[in-house]
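For the numbers below, each heavy atom of this structure counts, side chains included, while hydrogens, waters and symmetry mates do not.
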Number of protein chains: 2
Amino acid sequence: MPNKSIHTKLTKNEEDYLKALFHLLSEAGDNKVGTNQLAEYMGISPASVSGMLKKMKTKDLVASERYGKLDLTEEGTAIAVQLIRKHRLWETFLYTHMNFTWDEVHEVAEQLEHIKSTKLIAELDKFLGHPKRDPHGAVIPNAEGEYQLLPKITLAQLEAGDRCRLVSVKDSSVAFLQYVSRLGLALSSEIQIREIEAFDGSVTISFDNKEINVSKKFVDNVFVEKI
Amino acid sequence: MPNKSIHTKLTKNEEDYLKALFHLLSEAGDNKVGTNQLAEYMGISPASVSGMLKKMKTKDLVASERYGKLDLTEEGTAIAVQLIRKHRLWETFLYTHMNFTWDEVHEVAEQLEHIKSTKLIAELDKFLGHPKRDPHGAVIPNAEGEYQLLPKITLAQLEAGDRCRLVSVKDSSVAFLQYVSRLGLALSSEIQIREIEAFDGSVTISFDNKEINVSKKFVDNVFVEKI
DNA sequence: TACATAAATTAGGCATGCCTAACAAATCAA
DNA sequence: TTGATTTGTTAGGCATGCCTAATTTATGTA
Ligand SMILES: [Mn+2]
Ligand SMILES: [Mn+2]
Ligand SMILES: [Mn+2]
Ligand SMILES: [Mn+2]
């Protein structure tokens with residue numbers, strides 16, 4: 001059995017590196033995830049990332065060869081998944097019990113996810129009724145680190161005439177989430193694609209008897225299921 | 001109005017210094033609180049405390065003259081009180097909603113108190129029904145930093161024959177709290193002093209038809225009100 | 001293949017906050 | 001009042017994790 005104590009020995013920063021790398025690897029598929037990309041994502045310099053990754057390799061959290069593509073070890077992945085579980089449970093708590101709006105939860109959950117207490121997370125999960133999704137529609141891994149991999153269809157992948165339901169959002173920035181709300185959209189909203197503009201990829205969608213035009217960037221950040 | 005932004009700029013360590021100093025000053029009355037004492041209380045070296053206090057003086061959180069007694073500024077005091085408010089609200093939450101025992105809450109609250117979110121604390125307070133006391137019987141300051149100063153009578157100050165009610169405990173260590181529980185005592189327990197041993201200050205007390213002997217150290221850590 | 005560009009690492013520095021050892025100031029006692 | 005002891009500060013170092021600048025390695029294109 002791998003050393004379990006390592007889970008509680010990591011610093012907040014090491015944890016954030018693991019989580020960031022996990023997210024990038026998830027989105028990248030088979031594509032390479034590199035130092036610059038991770039640095040950009042975390043808002044720090046590539047040099048800092050190089051240094052930190054060096055240390056994390058000796059701790060067997062990250063795997064990569066010099067100048068090669070980055071990867072997480074099994075241990076690193078497991079920790080990242082538990083962090084994501086904690087993050088999403090806290091977001092759910094803030095949303096359902098603390099009257100936070102969905103654009104407010106992320107920032108505070110980014111702090112709360114680093115609280116060290118196995119019991120607290122188990123109790124929080126129980127208290128919330130073992131929620132399956134966070135306020136952004138993202139799947140919450142269970143205590144064993146298992147989670148459902150859903151087909152990731154974005155609004156951008158549909159064609160004119162298609163009908164769908166909004167199941168989750170990719171971006172968790174305040175600006176994006178507030179924009180979604182302001183448009184009148186939310187999880188479960190039913191949307192129909194009206195027209196796709198070839199020139200810039202913008203899309204005209206309709207829902208609730210409204211018809212609006214949204215950018216390519218917008219439709220890339222909305223996950224849906226066809227209906 | 002003093003710069004309010006400073007509240008969110010402090011590191012976890014600076015916050016813990018303020019809280020520690022506040023507690024020592026509260027207990028010290030007019031007595032001097034010194035560098036060694038603060039170092040001992042925080043479990044770090046006096047040299048480290050000297051260095052940190054130097055920095056905190058420039059931030060106008062701590063006041064003292066070279067080689068003189070330590071004190072908090074108004075700003076430092078206000079921040080310390082808000083930290084104590086957060087700490088006690090979180091302890092209450094863990095106790096009332098997360099099934100934590102009273103000896104388990106402190107360690108996790110020590111982390112949670114550093115979460116930066118004014119809204120979260122306001123909502124948590126509302127959610128808990130604006131509690132007045134934490135699981136150890138300590139008074140919870142309100143959002144304005146006001147709190148009731150109760151007469152601090154310990155079991156040690158009573159005389160043989162006196163009857164009292166347990167209102168709070170001073171020590172928040174796991175060892176002490178578990179010991180109290182194991183004895184069958186809790187907040188609101190009614191206790192009578194049977195006998196005080198002149199030799200070592202140990203006290204024979206009775207409650208719930210039991211009669212036991214406890215040490216001087218024990219009775220010094222139990223706050224009561226006479227009945 | 002060779003050169004230009006992009007990506008990653010190393011070198012050197014800085015802030016935070018801890019340490020031990022050495023030193024300075026204050027206090028207590030004879 | 002002076003010497004011993006206690007208390008507090010400074011000096012020098014270390015770990016973490018960030019930075020910019022310089023360098024090295026990889027990659028893509030002519
Ligand atoms: Mn989030
Ligand atoms: Mn985080
Ligand atoms: Mn406590
Ligand atoms: Mn703390």
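- OP1 or OP2 of D/dC18 has not a single side-chain nitrogen or oxygen of A/S48 nearer than 4.0 Å.
- Put simply, NZ on A/K54 is 9 Å from P on C/dT9, counting in whole angstrom units.
- The list of side-chain hydrogen bond (donor to acceptor under 3.5 Å, both in side chains) pairs with a residue in residues 139-158 of chain B, not counting sequence neighbours, reads B/N142-B/E146, B/T154-B/Q157.
- With salt bridges taken as basic N to acidic carboxylate O contacts below 4.0 Å, one links A/E14 and A/K59.
- Remark: B/F223 engages no residue in a ring-ring contact (aromatic ring centres under 6.0 Å, His included) (not counting sequence neighbours).
- For B/L24, the side-chain contact (heavy atoms from CB on, under 4.5 Å) partners two or more places apart in sequence, or in a different chain, are B/V33, B/Q37, B/L38, B/Y41.
- B/S45 comes within 4.0 angstrom of a base, heavy atoms only.
- Per the geometry, CG belonging to A/N36 stands 13 Å off P belonging to D/dT20, to the nearest Å.
- No donor-acceptor distance shorter than 3.5 angstrom exists from the side chain of A/S64 to the backbone of A/L70, with no hydrogens or angles considered.
- Computed from coordinates, the A/L70 CG to C/dA8 C1' distance equals 10 Å when rounded to whole Å.
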Show the distances under 3.5 angstrom between N or O atoms of the protein and N or O atoms of nucleotides 11-17 of chain D.
unit_1: D/dG17; atom_1: OP1; unit_2: A/T11; atom_2: OG1; d: 2.5
unit_1: D/dG17; atom_1: OP2; unit_2: A/K55; atom_2: NZ; d: 2.0

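- A salt bridge links A/K19 to A/E110: at least one charged side-chain nitrogen sits closer than 4.0 Å to a carboxylate oxygen.
- Following rounding to the nearest Å, B/K57 (NZ) and D/dT10 (P) show an atom-to-atom distance of 8 Å.
- Rounding to whole angstrom units, CD1 of residue B/I44 and C1' of C/dT20 are separated by 14 Å.
- One can place CD of B/Q37 at 19 Å from P of C/dA26, the figure rounded to the nearest angstrom.
- For A/H114, there are no ring-ring contact (aromatic ring centres under 6.0 Å, His included) partners two or more places apart in sequence or in a different chain.
- Checked against the 6.0 Å centroid criterion, the rings of A/F93 and A/F100 do not qualify as a close aromatic pair.
- In this structure, A/S50 reaches the bases: a heavy-atom distance under 4.0 Å links it to at least one base atom across the strands shown.
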Any protein N or O atoms within reach of nucleotides 24-27 of chain D? Criterion: under 3.5 Å, listing atom names and distances.
unit_1: D/dT24; atom_1: O2; unit_2: A/Y67; atom_2: OH; d: 3.3

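- Here the P atom of nucleotide C/dA6 and the CG atom of A/L38 are 21 Å apart, to the nearest Å.
- Counting only distance, with no hydrogens or angles, the side chain of A/R85 and the backbone of A/G145 share no donor-acceptor pair below 3.5 Å.
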